[in-house]
Amino acid sequence: QVQLVESGGGLVQAGDYLTLSCVASGRSFTGYTMGWFRQAPGKEREFVAAIAMSSGTEYYADSVKGRFTISRDNAKNAMYLQMDNLKIMDTAVYHCAADPTIATMRVLATHSYWGQGTMVTVSS
C-alpha cells in the first residue's frame, strides 16, 4: 500500500518557522515530482511548491517564493518544506502530493498520490 504521511505542522506566531515532512512508503518516488498543496478554511486548494525528485528542480508559488524552501531525500523517500517568516495567510492544512511530472501536478484536480495533511496555524 502506497502512503504519503505528512508531519511537522503546529501552532506558531507570525514570523516563526516550521519544517514539514512528507515520508512516502510502498514505492519509490525517485522518478516523480512531489509537492505541497494547502487549503485554508473556506478557500480553494492552492499549489505551494514542488520538487522533481530526480533532478531536484524546484517550483514555487509566488506567494511563498523567498520564504519557503522545498528539498528532498531520495534515500529516505522523503520531501521537506522549510517555511520561514510565516504569515497569518499561511494558515492552512498542508498536503503532500506526488505526480509523474510538474505539468500534471499543476493541472490535475486529483493527484496520483495524496497525503492526509498536517495543520499549520499562524497566529498574530
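In this text the structure is predicted, and so the values were computed from the model without any measurement. Computed from heavy atoms alone, side chains included, the values below leave out hydrogens, waters and symmetry copies.
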**Study point:** Working for side chain to side chain contact (heavy atoms under 4.5 Å, CB included), residues D84 and F68
**Key:** CA-CA 6 Å; D84 296 322; F68 290 10; 6.0 Å; no
Run the side chain to side chain contact (heavy atoms under 4.5 Å, CB included) check on E6 and S21 step by step: do they pass? CA-CA 5 Å; E6 304 95 334; S21 299; over 6 Å; no
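For the 3.5 Å distance criterion, the side chains of D99 and T33 fail to qualify, holding no donor opposite an acceptor. Side-chain contact check for Y80 and Q82: no donor-acceptor pair (N or O, by modelled atom type) lies under 3.5 Å. No hydrogens or angles considered: nothing links the side chains of Q13 and S123 as a donor-acceptor pair under 3.5 Å.
Judged purely by atom type and a 3.5 angstrom limit, E58 has no side-chain atom pairing as donor or acceptor with the backbone of A49. Proximity of a side-chain donor or acceptor of R72 to a complementary backbone N or O of M34 within less than 3.5 Å is not detected.
Of all heavy-atom pairs between A50 and I102, the closest is CB-CD1, 3.6 Å. Of all the heavy atoms in A92 and A40, the pair that sits closest is CB-N, 3.7 Å. Nearest heavy atom pair, residue K76 against residue V23, reads O-CG1, 4.3 Å. The nearest pair of heavy atoms linking S63 to M89 is CB-CE, 4.1 Å.
The distance from atom CZ of R38 to atom CE of M83, rounded to the nearest 0.5 Å, is 9.0 Å. Taking SG from C96 and CE from M79, the interatomic distance works out to 3.5 Å, rounded to the nearest 0.5 Å.
V48 has its side chain within reach of Y94: a pair of non-hydrogen atoms, C-beta onward, lies under 4.5 Å apart. When side chains are defined from C-beta on, L20 counts as touching T118, because their heavy atoms get closer than 4.5 Å. The shortest side-chain heavy-atom distance between I51 and Y59 does not fall under the 4.5 Å cut-off.
A single hydrophobic cluster is seen to contain both I70 and L18, as judged by linkage of ILVMFWY side chains at heavy-atom distances under 4.5 Å, directly or through other members. Two different hydrophobic clusters hold Y60 and M105 under the rule that ILVMFWY side chains link at heavy-atom gaps under 4.5 Å.
By the 30° and 60° cut-offs, the orientation of the rings of F47 relative to F37 is perpendicular. In this structure, H111 and W114 have parallel ring planes: the angle between them is below the 30° cut-off, well short of the 60° mark.
Within a 6.0 Å sphere centred on CD of Q116, heavy atoms belonging to other residues, nucleotides or ligands number 12 at most.
Ion pairing between K87 and D90 fails under the 4.0 Å rule for side-chain N and carboxylate O.
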